[in-house]
Peer 1: 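My questions will all concern the structure given below.
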Amino acid sequence: MESVQHVSTSSKALFNRVRKIVPPLLEKFHKGQLGRVAVIGGCADYTGAPYFSAIASARLGCDMSHVICERSAATVIKSYSPNLMVHPLLASSSSVNDPQSIDARALASPIIDMLSRLHVLVIGPGLGRDGVTLKVVMEVMKEARSRSVPFILDADGLFLVMSDLSLVKGYNNCILTPNVNEFKNLARAAGVDAPSQAQVKDSGEEKTKKESAACEKLAQALGGVTIIQKGPHDVISNGVSTIISDIEGGYKRSGGQGDTLTGSLGTLMAWRAAYHNKMWDTGEKENPKEAETEQEVKAEIEAEDRRMSPATTLLLVAWAGSGITRESSRRAFMAKKRSMQASDLTDEVHESFLSLIGEPDGSKAAL
Ligand SMILES: NC(=O)C1=CN([C@@H]2O[C@H](COP(=O)(O)OP(=O)(O)OC[C@H]3O[C@@H](n4cnc5c(N)ncnc54)[C@H](O)[C@@H]3O)[C@@H](O)[C@H]2O)[C@@H](O)CC1
Ligand SMILES: Nc1ncnc2c1ncn2[C@@H]1O[C@H](COP(=O)(O)OP(=O)(O)OP(=O)(O)O)[C@@H](O)[C@H]1O
Ligand SMILES: [Mg+2]
């Protein structure tokens with residue numbers, strides 16, 4: 001469990017710093033303060049993906065986990081778990097009179113009305129490619145961005161971005177989680193020569209170097225968004241700092257494991273917002289200057305007793321989400337081997353959190 005590129009800090013040190021952004025469970029908090037996350041996805045074809053994502057958010061520890069989906073998917077997703085709040089608010093071609101002439105902003109308004117009550121959006125799991133749905137989600141993304149609501153983009157959410165890069169370009173409050181295939185398509189859409197992990201033919205250190213450079217290049221082309229390119233190892237970059245997450249994962253490539261990643265990231269992003277809102281005393285000293293450069297980010301990670309800047313915590317969130325997912329997959333694989341399914345990862349999220357990160361000081365959950 002080692003190997004960190006550029007930000008040359010050990011895995012252990014990174015997870016120690018992640019623990020600082022995990023809110024302790026205390027009597028003073030009320031329902032909702034430690035995370036209200038909504039997954040936007042779920043359609044007639046796919047109901048598993050939004051469920052796996054939302055339940056990962058819940059199991060990692062956000063207070064409220066919502067799914068905003070297309071009408072036909074809602075009852076199905078509700079039946080998977082009574083713990084999720086499922087809202088059938090997404091329009092599709094089958095729910096409007098004329099798919100060719102819609103008022104996308106009006107159709108998006110019931111979802112936009114929810115934004116003030118949400119900390120984070122996860123956009124894309126099982127969203128599908130219906131033209132009406134995608135136009136509506138585009139409106140939600142524009143509004144969420146204008147209100148600085150953080151979002152995680154995956155699957156069909158990434159497809160949407162490929163058609164209009166301005167949706168994310170320069171937005172430093174979002175994480176994109178492309179698989180190898182989606183990374184290649186994103187790079188093509190951005191007109192950037194950035195090979196995916198599968199396209200880099202070297203081996204060993206040279207391969208890792210080229211993969212890091214490619215992820216960095218795409219992140220830069222998108223104006224500094226954070227990218228987690230999933231694969232044999234996860235390459236994480238915001239165009240300035242790059243980390244390789246190569247914690248051992250499982251060896252079964254069943255579908256839906258990326259959904260555990262997006263859900264985990266949703267909760268971590270909500271916790272990050274709580275950290276920056278100073279919702280509890282972390283015991284850290286105030287930071288005189290916000291970190292921007294790679295060196296400044298590295299210094300904040302290593303300082304241990306100094307408050308961290310948004311650039312640093314975003315990188316740590318990406319690192320932690322990747323680690324928790326890969327560790328969940330490893331544990332699920334150990335138990336289930338060839339029969340492993342995405343739902344087996346769900347059961348491992350909490351233990352993975354405990355083994356990699358652990359409860360912060362003072363948390364009642366540590367008793
Ligand atoms: N249980 C569910 O409801 C699931 C739904 N899913 C949803 O299904 C929709 C489509 O997602 P897909 O995963 O099919 O789309 P992708 O674009 O990831 O995959 C499309 C094609 O690329 C290939 N591919 C994927 N990763 C590759 C790699 N590393 N190397 C080479 N080829 C690779 C796949 O075999 C597939 O043929 C999305 O909405 C997604 O969220 C998936 O998340 C899987 C689980
Ligand atoms: N070869 C591999 N070895 C170890 N872990 C891997 C490997 N490939 C992918 N993973 C891990 O599996 C998880 C899902 O990545 P994957 O590439 O399967 O995404 P995906 O295709 O989008 O998945 P999904 O089926 O959910 O859409 C990530 O956490 C990634 O780190
Ligand atoms: Mg996927």
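Counting starts at 1 for both ligands and their atoms, in listed order.
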Peer 1: From the options Ser329, Ser328, Ser264, select the one residue that forms a side chain to side chain donor-acceptor pair (under 3.5 Å) with Ser352.
Peer 2: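 In the set Ser329, Ser328, Ser264, the residue that makes a side chain to side chain donor-acceptor pair (under 3.5 Å) with Ser352 is Ser328.
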Peer 1: Grab the two heavy atoms, one from Arg71 and one from Ser95, that are nearest each other, plus how far apart they are.
Peer 2: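 Residues Arg71 and Ser95, closest heavy atoms: NH2-CB, 3.9 Å.
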Peer 1: For a quick test of your reading: what N or O donor-acceptor pairs under 3.5 Å do the side chains of residues 23-38 make, sequence neighbours left out?
Peer 2:
residue: Lys28; atom: NZ; partner: Met279; partner atom: O; Å: 3.1
residue: Gln33; atom: OE1; partner: His30; partner atom: N; Å: 2.7
residue: Arg36; atom: NE; partner: Arg117; partner atom: O; Å: 2.6
residue: Arg36; atom: NH1; partner: Gly32; partner atom: O; Å: 3.2

Peer 1: Between ligand 1 and the protein, give all atom pairs where both partners are nitrogen or oxygen and the distance is under 3.5 Å, as lines of names plus distance to 0.1 Å.
Peer 2:
residue: ligand 1; atom: 3 (O); partner: Gly48; partner atom: N; Å: 3.2
residue: ligand 1; atom: 3 (O); partner: Ala49; partner atom: N; Å: 3.0
residue: ligand 1; atom: 17 (O); partner: Asn181; partner atom: ND2; Å: 3.3
residue: ligand 1; atom: 18 (O); partner: Asn179; partner atom: ND2; Å: 2.5
residue: ligand 1; atom: 22 (O); partner: Asn181; partner atom: ND2; Å: 3.0
residue: ligand 1; atom: 39 (O); partner: Gly126; partner atom: N; Å: 3.3
residue: ligand 1; atom: 39 (O); partner: Asp156; partner atom: OD2; Å: 2.4
residue: ligand 1; atom: 41 (O); partner: Gly126; partner atom: N; Å: 2.8
residue: ligand 1; atom: 43 (O); partner: Asp259; partner atom: OD2; Å: 3.4

Peer 1: Indicate whether the side chain of Arg331 and that of Ser355 have a donor and an acceptor atom separated by less than 3.5 Å.
Peer 2: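 Arg331 vs Ser355: donor-acceptor pair found between side chains.
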Peer 1: Classify the side-chain pair Glu300/Ser309 by whether it contains a donor and acceptor separated by less than 3.5 Å.
Peer 2: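 A pair is found: one side chain offers a donor N or O, the other an acceptor, under 3.5 Å apart.
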Peer 1: Do Leu134 and Leu127 have side-chain heavy atoms sitting under 4.5 Å apart?
Peer 2: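 A side-chain contact exists here, since the closest heavy-atom pair is under 4.5 Å.
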Peer 1: Rounded at 0.5 Å granularity, tell me how far CG in Asp113 sits from CD in Glu143.
Peer 2: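 The CD atom of Glu143 is 9.5 Å from CG of Asp113, to the nearest 0.5 Å.
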Peer 1: How is the hydrophobic cluster of Val86 composed, in terms of its other members, when Ile, Leu, Val, Met, Phe, Trp and Tyr link through side-chain heavy atoms under 4.5 Å apart, directly or indirectly?
Peer 2: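 Under the 4.5 Å side-chain rule, Val86 groups with Tyr51, Phe52, Ile55, Val67, Val76, Ile77, Tyr80, Leu84.
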Peer 1: Who are the residue neighbours of ligand 2 when the rule is a heavy atom under 4.0 Å from any of its atoms?
Peer 2: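 Shell around ligand 2 (4.0 Å, heavy atoms): Asn179, Lys230, Gly231, Pro232, Asp234, Arg253, Gly255, Gly256, Gln257, Gly258, Asp259, Thr325, Arg326.
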Peer 1: Testing the basics here: between Val317 and Leu265, what is the closest heavy-atom pair and its distance to 0.1 Å?
Peer 2: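 Distance-wise, the nearest heavy atoms are O-CD2, 3.5 Å.
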